[in-house]
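Everything below concerns the one structure shown next.
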Amino acid sequence: MVKGWTKMRPPRFWTNPPARPGFWSQILLPLSYLWAKGTARRLANGHRVRPGVPVIAIGNINLGGTGKTPTAVAIADILQQAGHAPHIVSRGYGGRIEGPHRVRPMKDKAEDVGDEPLFLSAFAPVWVSRDRISGAQQAVTEGADCIILDDALQNPNLYHDLTVTVVDAEVGFGNGRVCPSGPLREPVSTALARTDLLISIEVADKWRLLSKQWPELCQKPVAIGVLNVLETGHQWDGLPTYAFAGIGRPQKFFNSLKAAGARLLETRAFGDHQTYTLTILKRMQAEAWAKGAHLVTTEKDAVRLPPEFRLEVMTFPVRLEFDDETVLRKALLALFAQRA
């Protein structure tokens, strides 16, 4: 049973097939046209500044989460293994600091810099900056030899040397329409026109089904990855859990936890980037104790917990792993070969 306090639930018609988008989708279609036109105009009027080092833009077509954060971690790891010094530049959604500000993982709080930048700072230097140009320039000044631009498919301010679009193959594109008549930020075709490489977060061969529904996806190189549980020595199999999450798709976290063998005795779904108060946390802790369960959440949620409560909650770490990362690795390293 999923309970929770949520900010907004996507309307059901967003998940309809493209052939049957739904009555309300038809009614809202004029607003979607305006949304798409506004996005196209903003992209056309962008600056496209070159900061002097390669820029890898990571983004998605859907509203909400599709796996951009684990993708950023995977790309940073590949680049670091090759001897490069990537810095991540983020708008810092949910934070108060306008920047440019280098995230300090042991000092900054999620409410100041945003939960995703704080989480990512454990893997590479991260800059929070409302102005992406200033953030990238500051990163270069501080030693970055490449920039990973987070949530940037629709950002027009910096030139993108490589644009990586992340697709959640299980979710797909719903009814295929732009918000508010559908779940997309822009039409699939216009987003793909700016995409150099696709990363598909795969579940049960869903990519094959999605690419049949949207054959234009097959025109782009694709790296297929899976979110696997990070081996930490902890045994999830049979563990009684009280799971909670405030991310784009909490149910995906619950499903992953269950797939790892945990016994889900209770789940709570919060709004994306939810702020957790001690009152809410202590209430869940009491409910978990009553059920004989352990509180468990995602790594991204964990950075939003009050410091005094973090030891009371277990985190469920996952990493994006590829059966074959050759396509992605070649695309990334080619950026530097071109400049040699």
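Counted within 6.0 Å of CG on Asn45, heavy atoms from surrounding residues, nucleotides or ligands total more than 12; the atom is thus considered enclosed. Summarising the local packing, CG of Leu311 is surrounded by 12 or fewer heavy atoms from other residues, nucleotides or ligands at distances under 6.0 Å. Other residues, nucleotides and ligands place more than 12 heavy atoms under 6.0 Å from the CD atom of Gln81. Within 6.0 Å of atom CD in Gln80, more than 12 heavy atoms from other residues, nucleotides or ligands are found, so the atom counts as buried in its surroundings. For His234, the NE2 atom is densely surrounded, since the number of other residues' heavy atoms within 6.0 Å is greater than 12. Around the CD atom of Glu308, the shell of radius 6.0 Å holds more than 12 heavy atoms that belong to other residues, nucleotides or ligands.
Under the 4.0 Å criterion applied to side-chain N and carboxylate O atoms, Arg304 and Glu111 are not assigned as salt-bridge partners. Using a cut-off of 4.0 Å between Lys/Arg side-chain N and Asp/Glu carboxylate O, Asp168 and Lys206 are scored as not salt-bridged. Using a 4.0 Å cut-off between charged side-chain N and carboxylate O, Arg42 and Glu186 make no salt bridge.
Using a 4.5 Å cut-off on side-chain heavy atoms (C-beta onward), Leu230 and Val318 make no contact. Taking the side chain as every heavy atom from C-beta outward, Arg102 and Val126 never approach each other to under 4.5 Å. Residues Arg249 and Val171 are in side-chain contact: their nearest non-hydrogen atoms beyond the backbone lie under 4.5 Å apart. Contact annotation: the side chain of Leu332 approaches that of Leu79 to within less than 4.5 Å [non-hydrogen atoms, C-beta and beyond]. Taking 4.5 Å as the limit, every side-chain heavy atom of Pro10 sits out of range of all side-chain heavy atoms of Pro183. The side-chain heavy atoms of Leu295 and Gln285, taken from C-beta on, include a pair separated by under 4.5 Å.
A pairwise comparison of heavy atoms in Pro86 and Pro125 identifies O-CD, 3.6 Å as the closest pair. The minimum heavy-atom distance linking Ala85 with Asp145 is given by the pair N-OD1, 2.8 Å. Considering all non-hydrogen atoms of both residues, Met314 and Leu239 come closest at CE-CD2, 3.8 Å. Of all heavy-atom pairs between Thr163 and Asp196, the closest is N-OD2, 2.7 Å. Pairing each heavy atom of Ala260 with each of Val229, the nearest pair is CB-CG2, 4.1 Å. Contact record, Leu333 with Ala82: CD2-CB, 3.6 Å, taken as the closest heavy-atom pair.
Not one N or O on the side chain of Arg20 forms a donor-acceptor pair closer than 3.5 Å with the backbone of Asn16. The backbone N or O of Asn62 lies less than 3.5 Å from no partner atom in the side chain of Thr66, so there is not a single donor-acceptor pair. Thr241 places no side-chain N or O within 3.5 Å of a backbone atom of Val296 that could act as its donor or acceptor partner. Counting only distance, with no hydrogens or angles, the side chain of Asp108 and the backbone of Val113 share no donor-acceptor pair below 3.5 Å. Checked by atom type and distance alone, the side chain of Ser181 pairs as donor or acceptor with a backbone atom of Val178 at under 3.5 Å.
Under the 6.0 Å cut-off for aromatic ring centres, His84 and Phe336 qualify, their centroids lying closer than that. Aromatic pair Tyr276/Phe244: ring centres closer than 6.0 Å.
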| said: Does Phe13 form a side chain to side chain contact (heavy atoms under 4.5 Å, CB included) with Phe23? I'd like the steps, not just the answer. | reply: CA-CA 8 Å; Phe13 63 81; Phe23 172 78; over 6 Å; no

| task | Would you check, one step at a time, whether the test side-chain hydrogen bond (donor to acceptor under 3.5 Å, both in side chains) holds for Asp131 with Ser129? | result | CA-CA 5 Å; Asp131 181 349; Ser129 183; 5.5 Å; no

| query | After noting the C-alpha distance and the side-chain angles of Arg48 and Leu158, does the key distance pass the side chain to side chain contact (heavy atoms under 4.5 Å, CB included) rule? | reply | CA-CA 4 Å; Arg48 300 297 180 187; Leu158 285 168; over 6 Å; no

| query | Are Cys179 and Leu184 close enough, and set up right, to give a side chain to side chain contact (heavy atoms under 4.5 Å, CB included), and what steps lead you there? | reply | CA-CA 6 Å; Cys179 184; Leu184 306 184; over 6 Å; no

| request: List the steps, then state whether side chain to side chain contact (heavy atoms under 4.5 Å, CB included) holds for Arg50 with Asp161. | output: CA-CA 9 Å; Arg50 294 177 183 265; Asp161 295 272; 4.1 Å; yes

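If you take OG on Ser90 and CZ on Phe119, they are separated by 13.0 Å, rounding to the nearest 0.5 Å. We find the CZ-OG1 distance between Phe173 and Thr15 to be 15.0 Å, quoted to the nearest 0.5 Å. Atoms CZ and CD1, on Arg268 and Ile280 in that order, are 9.5 Å from each other to the nearest 0.5 Å. The distance from atom CG of Leu197 to atom CD1 of Ile56, rounded to the nearest 0.5 Å, is 11.5 Å. In this structure, the separation between CZ on Phe270 and CG on Asp301 is 8.5 Å, given to the nearest 0.5 Å. In this structure, CG in Leu120 is found 15.5 Å from CH2 in Trp127, a value given to the nearest 0.5 Å.
When each of Arg104, Lys107, Arg96 is checked for a side-chain hydrogen bond (donor to acceptor under 3.5 Å, both in side chains) with Asp112, only Arg96 meets the rule. If you run side-chain hydrogen bond (donor to acceptor under 3.5 Å, both in side chains) between Tyr242 and each of Glu287, Lys291, His294, only Glu287 comes through.
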Sequence neighbours excluded and cut-off under 3.5 Å, please list the side-chain donor-acceptor pairs for residues 211-228, or say none.
residue, atom, partner, partner atom, Å
Ser211, OG, Trp207, O, 3.0
Ser211, OG, Arg208, O, 3.0
Lys220, NZ, Leu192, O, 3.1
Lys220, NZ, Thr195, O, 2.8
Asn228, ND2, Glu321, OE1, 2.9

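Under the 4.5 Å side-chain heavy-atom criterion for ILVMFWY residues, a single connected hydrophobic cluster contains both Phe322 and Phe123. Linking ILVMFWY side-chain heavy atoms closer than 4.5 Å, directly or via other members, places Leu31 and Ile27 in a single hydrophobic cluster. Tyr159 and Leu335 sit in two unconnected hydrophobic clusters of ILVMFWY residues. Membership requires side-chain heavy atoms under 4.5 Å apart, directly or through other members. Criterion: ILVMFWY side-chain heavy atoms under 4.5 Å apart, direct or through other members. Under it, Leu43 and Leu162 are not part of a common hydrophobic cluster. Note: the hydrophobic cluster containing Leu265 does not contain Leu257 (ILVMFWY, side chain heavy atoms under 4.5 Å, direct or indirect links).
For the residue pair Arg177 / Ser25, a side-chain donor-acceptor distance below 3.5 Å is found, with atom types taken as modelled. Residues Asn155 and His160 bring no donor and acceptor atom of their side chains to less than 3.5 Å of each other. Judged by distance alone, the side chains of Asn60 and Arg185 do bring a donor and an acceptor atom under 3.5 Å apart.
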